[in-house]
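Report on the following structure.
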Amino acid sequence: MKVEMRDICKSFGKAAVLDGVSLSVQAGEIHALLGENGAGKSTLMNILGGVIQADSGCIAVDGKEVKFFSPVDSLHTGIAFIHQELNLINDLAIYENMFIGRELKKKNGFLDSKAMIEKTKQTFDRIGISLDPCLPVRSLDASYKQIVEISRAMMMNASCIIMDEPTTSLTEPEIRRVFSLMRDLSAQGVGIIFISHKLGEVLDICSSYTVLRDGKVVASGKTQDVTNAELAFYMVGHKIADGGSKKACVRGKEMLRVEGYGDHKYFNDISFSAHASEVLGITGLLGDGRSELFLSIFKAGLPADGKLFIAGKEATFSSTSDAVQKGVAYLPRNRKENAIVKDMTILENASLASLAKYRKLCFIDRKRERRDFENHARNLHIKMESGDDLITNLSGGNQQKVVLSKWLNTEPKVLVLDNPTQGVDVGAKEEIYEIIEKLAASGVAVIVLSSEAQEIVRVCDRAIVMFHGSVVGEVSGTDMNEHMIMRLATGEKIERGASV
Ligand SMILES: Nc1ncnc2c1ncn2[C@@H]1O[C@H](COP(=O)(O)OP(=O)(O)OP(=O)(O)O)[C@@H](O)[C@H]1O
Ligand SMILES: [Mg+2]
């Protein structure tokens, strides 16, 4: 099946988001759709997926013009859309989610759960995933939720699959699994449109690309003819400084110490300390337990044993807002589920964690609130019309920046960031790294949780590597390179002082 979008234009109010965009995908082609945060990628795919309609332009399937008035129209034509923000219902089982709106029924009209479970199992087998279809979706972590979404599209036998940033919350082994699945599909003639900010993986998996900038196509072609640096250049319109080498930090006094933390399930006997003026990385692969550890510390996860010290004094947090009061801010992973309030405006979301700062007797100092937010928005280059718009009007990466500004605004002494560059574009990533470095230079102890070794090496002064819930090593100085981190993260025992 060949899908073509021709000369698509779309505005929201006065803002033109797409301006004459054309894109086509052949059967079996894996086509990368690239661009900065807010360039218009999701909007274009929302049009192809029938979620919204274009103001002008047309869509043709195998040369014939088609009109999509709803996602169902698009799906019936053979186009499945895996959205940037996951769309599963937590309270339902996996198999129920797989069949939402298309439930299988018995002759008597009752739901045929057995058949739905069986069909889900078959799809998982085809993809090589061992997951119990009857588990509630709530019990899955984000990466498995992603895999369920991909399986759902597979099960619908789509001829064209749109994947809007499917890999942002996945770790290396899972990404490899998803990629091998994509290669199989492409060999079976399925066309795929793949959106990602990770240019390395784009060159790895895609055969062709289209780059959008400010709603226009600025480059397109075959990936074999282009380099990572060229793609980045097309996206942002200028060369990206490659961070350079890290300056050695002058470590200040201990700000946060964790001693013997364990929940008897995801992590055991974890001890480490974070100091003022340093960026401490905590890394590992899926199942390393780092996110669970911090959820427990901030009382948002399972209860755990262990002690916590802030600036040398034993402390506990009763919630994330209690932690903020004590000078410790925490940005959890998975923006949509844990970090944004969808019904609130951008400004409301950004100042949610620091309202105490603006309280004057029984008033809120709205002027100061707005001024602080505008400063952060400028520093983080948040692309928006007005702070009074709903946060859901922003592109995915810009929502992530608002969440970051929310925690920066609490002016913490210790800042914990889980997966801070999730979904942000190459240029903005570097800006976020610079902000982290500046914060550390101003005396903040920053802890960055990430499974991207490259990110850890770029931004951290020192990193702790976890494997299956335990700390297996600490790297700093010349030891802190991607190779060493990967060896530790995969459970290899490395003697101290051994050559890498
Ligand atoms: N419903 C809406 N109302 C108003 N503006 C919107 C709406 N949806 C998107 N926009 C705006 O359109 C622009 C493009 O957004 P889009 O989500 O397509 O970006 P994107 O390329 O997918 O970015 P990202 O990489 O951050 O996901 C953004 O500036 C966004 O704020
Ligand atoms: Mg998007």
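For ligands, and for the atoms within them, numbers begin at 1 and follow the listed sequence. Just so it is clear, the structure is predicted and the values come from calculations on it, not from any experiment.
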(message) Could you tell me if the side chain of Tyr330 sits less than 4.5 Å from the side chain of Trp407, heavy atoms only?
(response)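 No. Closest side-chain heavy atoms not under 4.5 Å.
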Taking [atom] as the reference point, the nearest protein heavy atom with its distance:
atom	result
atom 30 (C) of ligand 1	Asn393 O, 3.3 Å
atom 12 (O) of ligand 1	Val17 CG2, 3.2 Å
atom 14 (C) of ligand 1	Gly38 O, 3.4 Å
atom 27 (O) of ligand 1	Gln84 NE2, 3.0 Å

Counting each atom of ligand 1 from 1 as listed, which ones have a heavy atom of [X] under 4.0 Å away?
X	value
Ser42	17 (O), 18 (O), 20 (P), 22 (O)
Asn37	23 (O), 24 (P), 25 (O), 26 (O)
Gly397	24 (P), 26 (O), 27 (O)
His197	25 (O)
Leu394	31 (O)
Glu36	21 (O)

(request) Describe, in one word, how the ring planes of Tyr209 and Tyr234 are oriented to each other, choosing from parallel (under 30°), tilted (30 to 60°) and perpendicular (over 60°). (result) parallel
Could you tell me whether [X] and [Y] have a side-chain N and a carboxylate O separated by less than 4.0 Å?
X	Y	answer
Glu455	Arg458	no
Lys357	Asp365	no
Asp19	Lys216	yes

(message) When you measure from the heavy atoms of Asp425 to every atom of ligand 1, does any distance fall below 4.0 Å?
(response) no
(request) Examine ligand 1 and decide if any of its atoms is less than 4.0 Å from a heavy atom belonging to Glu385. (result) no
(message) Taking the cut-offs as 6.0 angstrom to the six-membered ring centre and 45 degrees off its axis, would you call Lys10 and Phe12 a cation-pi pair?
(response)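 Here Lys10 passes the 6.0 Å and 45° test against Phe12.
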(message) Quick one: does any side-chain atom of Glu430 pair with a main-chain N or O of Gly427 as donor and acceptor, under 3.5 Å?
(response) no
Quick one: does [X] get an N or O within less than 3.5 Å of an N or O on ligand 1?
X	value
Gly40	yes
Lys383	no
Ala39	yes

(request) Check the pair Val51, His83 against side chain to side chain contact (heavy atoms under 4.5 Å, CB included), reporting the backbone distance first and the verdict last. (result) CA-CA 11 Å; Val51 181; His83 289 263; 3.8 Å; yes
(request) For side chain to side chain donor-acceptor pair (under 3.5 Å), just list the numbers for Tyr358 and Asp372, CA-CA rounded to whole Å, side-chain angles, deciding distance to a tenth of an Å, and then say yes or no. (result) CA-CA 10 Å; Tyr358 302 121; Asp372 283 356; 2.7 Å; yes
(request) Heavy atoms only: give me the nearest Ile432-Thr421 pair and the separation to one decimal. (result) CG2-CG2, 4.1 Å
(request) Grab the two heavy atoms, one from Val444 and one from Pro412, that are nearest each other, plus how far apart they are. (result) CG2-O, 3.6 Å
(request) May I ask you to identify, for Thr43, whether its side chain, its backbone, both or neither come under 4.0 Å of ligand 1 on a heavy-atom basis? (result)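 Both parts.
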(request) Please state which part of Glu165 comes within less than 4.0 Å of ligand 1, counting heavy atoms only: side chain, backbone, both or neither. (result)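 The side chain, only.
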(request) Using a cut-off of strictly less than 2.8 Å, determine whether Met45 has an N/O/S atom near the Mg ion (ligand 2). (result) no
